[in-house]
Undergrad: 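Can you keep this structure in mind? I'll have questions shortly.
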Amino acid sequence: MKKVTALAVLAGVVIALTGCTDSDATDPSPGSSSGDLRKVRVAALPISETAALWGGIKAGIFREQGLDVEVVPAQGGAQAIPAMLNGDIDFAIGQPFGPFRADLQNLGVVIIGNYASSYADGDDINAVLASTKSGITRPAQLAGRKVSVNSLGAAGDVTIMAAVEKDGGDPTKVKFVEVAFPDAPAQLAAGNIDAAWVTEPFITQMRKRGDVLVVAPYQATVPGLTTLTTITSSKLKDSDASLVADFSAAMKKTLTWANDPANEKDLRQAIKDNLELPEPVADSVRLPAFGWEIDRAGLEQLATLARKYRVLDRQPDFNRLVQQQ
């Protein structure tokens with residue numbers, strides 16, 4: 001696999017800053033007005049994991065901290081970083097490799113909290129699925145085949161390569177292509193790819209139509225691995241510590257709220273409100289383990305794998321990068 005160099009398309013990436021998936025201003029709490037709230041823009045993927053953020057907004061958790069949050073759709077954390085460094089957004093939620101590469105360039109990006117993690121056992125929330133006609137049933141068979149990931153040179157292809165090698169295959173022979181999660185099911189059905197690494201709700205949708213689950217690569221390599229982190233710029237952290245503290249406090253409460261079984265109905269309603277999914281799918285998708293505490297050891301292990309497969313050329317400075325709030 002070709003090494004993806006630092007923030008590969010930094011200058012050319014444009015994030016869609018028009019439109020939002022949800023905002024506190026749409027439902028002001030009694031006794032408050034949007035004029036009393038600080039506007040905050042957060043980039044997040046249009047996937048079911050974002051339900052915690054959407055749900056926390058609707059529940060008024062961010063308003064309690066004096067924040068009016070606009071969620072800006074993004075394909076991944078790495079794609080959101082240029083906009084964050086330009087001040088177009090304040091925070092982003094995405095895979096760890098965006099901040100990894102940003103740190104290697106000393107761009108001033110920090111991980112201030114976790115967001116979601118995979119499961120150490122049982123059904124996981126990301127997996128590689130293949131069409132039945134491909135004949136792929138195990139990780140080793142992905143060698144020599146075309147496999148999609150939502151971002152090249154990130155946790156998906158790194159853990160897939162590790163799973164392929166663990167199963168006796170040649171990880172260097174996997175042909176990775178970049179396909180956004182929402183587009184992967186159609187690309188697989190059309191035969192343009194042999195297998196796809198996807199998250200929920202796409203795992204549930206694809207299994208229901210007959211696609212084969214090949215491997216949950218996180219469980220095969222680093223069980224319980226962080227799937228999404230919360231990041232900001234060190235510039236914002238230093239210049240507006242109160243905003244970062246308020247946002248972090250609201251995120252911590254939101255993720256605790258999302259993990260409470262009593263709130264599952266509202267959490268799944270957030271999926272229905274923000275994603276065009278059939279109701280049975282929204283009601284059955286596997287949700288991640290939400291939590292704010294950063295698993296630094298797991299992130300370091302992921303970076304070590306990335307160096308092994310030449311996706312990263314050196315280890316990030318985790319003392320600088322990880323700034324738990």
Side-chain angles (χ1 to χ4, degrees), residues 17 19-74 77 80 83-84 87-94 110-117 226-275 282 287-294 322-325:
L17 292 173
C20 62
T21 13
D22 208 343
S23 171
D24 281 340
T26 62
D27 185 20
S29 59
S32 71
S33 69
S34 59
D36 300 325
L37 305 176
R38 294 193 65 180
K39 187 75 175 178
V40 175
R41 309 192 87 196
V42 183
L45 287 77
I47 57 176
S48 56
E49 281 95 326
T50 306
L53 179 59
W54 294 324
I57 290 170
K58 191 169 184 178
I61 295 172
F62 290 88
R63 287 196 303 271
E64 292 172 0
Q65 294 295 145
L67 304 175
D68 170 22
V69 176
E70 177 186 355
V71 181
V72 181
M84 188 173 68
D88 294 323
I89 59 172
D90 304 296
F91 303 94
I93 295 167
V110 290
I111 299 174
I112 58 172
N114 198 58
Y115 179 86
S117 300
T226 292
T227 58
L228 297 170
T229 61
T230 306
I231 63 175
T232 192
S233 65
S234 55
K235 179 180 179 181
L236 182 64
K237 177 179 171 291
D238 294 339
S239 65
D240 201 340
S242 62
L243 175 62
V244 174
D246 287 342
F247 180 78
S248 298
M251 283 294 295
K252 186 174 183 178
K253 290 178 184 177
T254 289
L255 297 173
T256 300
W257 173 90
N259 260 342
D260 187 342
N263 296 318
E264 183 175 351
K265 182 179 179 181
D266 291 335
L267 195 62
R268 293 192 180 277
Q269 186 60 49
I271 297 174
K272 297 171 188 177
D273 291 342
N274 291 278
L275 296 176
L287 293 170
F290 295 109
W292 185 242
E293 297 303 311
I294 300 168
V322 176
Q323 300 291 322
Q324 177 78 63
Q325 297 298 297

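Quick note: residue numbers are just sequence positions, from 1. All heavy atoms count here, side chains included; hydrogens, waters and symmetry mates do not.
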Undergrad: For K272, is the NZ atom crowded, meaning more than 12 foreign heavy atoms sit under 6.0 Å from it?
TA: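 Correct, the count exceeds 12.
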
Undergrad: Give the intermediate values and the outcome of side-chain contact (heavy atoms from CB on, under 4.5 Å) for residues V69 and L37.
TA: CA-CA 9 Å; V69 176; L37 305 176; over 6 Å; no

Undergrad: According to the salt bridge (Lys or Arg N to Asp or Glu O under 4.0 Å) rule, which pairs have a member within residues 228-247, sequence neighbours left out?
TA: R38-D240

Undergrad: Search all heavy atoms of G113 against all heavy atoms of Q324 and return the closest pair with its distance.
TA: CA-NE2, 4.0 Å

Undergrad: Could you go through the side-chain contact (heavy atoms from CB on, under 4.5 Å) check for V42 and F62 one step at a time?
TA: CA-CA 12 Å; V42 183; F62 290 88; over 6 Å; no

Undergrad: Indicate the atoms forming the closest heavy-atom contact of A258 with A52, along with that distance.
TA: CB-CB, 3.7 Å

Undergrad: To the nearest 0.5 Å, tell me how far D68 CG sits from D36 CG.
TA: 11.0 Å

Undergrad: Quick one: do K253 and Q65 satisfy side-chain contact (heavy atoms from CB on, under 4.5 Å)? Show the steps, please.
TA: CA-CA 10 Å; K253 290 178 184 177; Q65 294 295 145; 3.1 Å; yes

Undergrad: When rounded to the nearest 0.5 angstrom, what distance separates CG in L53 from CE in M251?
TA: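 Result: 6.0 Å between the selected atoms.
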
Undergrad: To the nearest 0.5 angstrom, please state how far the OG1 atom of T227 sits from the CG atom of L45.
TA: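 So the OG1 of T227 and the CG of L45 are separated by 10.0 Å.
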
Undergrad: What's the shortest heavy-atom distance between I112 and S248, and which atoms?
TA: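 Looks like CD1-OG, 3.7 Å.
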
Undergrad: Give the minimum heavy-atom separation between A44 and T50, together with the two atoms involved.
TA: CB-CG2, 3.8 Å

Undergrad: Shortest non-hydrogen contact from R63 to K58?
TA: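 So the minimum-distance heavy-atom pair works out to NH2-O, 4.4 Å.
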
Undergrad: First locate atom CD1 of I231, then atom CE of M84, and finally report the distance between them rounded to the nearest 0.5 Å.
TA: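 These two atoms lie 4.0 Å from each other.
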
Undergrad: Charged N to carboxylate O under 4.0 angstrom, D90 versus R41?
TA: no

Undergrad: Work out which heavy atom in A51 is nearest to a heavy atom in I271; give both atom names and the distance.
TA: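 Looks like CB-CG1, 3.5 Å.
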
Undergrad: Could you check if a side-chain atom of W292 sits within less than 4.5 angstrom of a side-chain atom of T256, using non-hydrogen atoms only?
TA: no

Undergrad: Quickly, which of T254, L255, I294, T229 forms a side-chain contact (heavy atoms from CB on, under 4.5 Å) with Y115? Name it, please.
TA: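 With Y115 as partner, side-chain contact (heavy atoms from CB on, under 4.5 Å) holds for just one option, L255.
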
Undergrad: Using the rule given for side-chain contact (heavy atoms from CB on, under 4.5 Å), can you reason through N114 versus E293, listing the C-alpha separation, both sets of side-chain angles and the distance that settles it, and then say yes or no?
TA: CA-CA 5 Å; N114 198 58; E293 297 303 311; 5.8 Å; no

Undergrad: Have a look at F247 and tell me which of T232, T230, L236 forms a side-chain contact (heavy atoms from CB on, under 4.5 Å) with it.
TA: T230

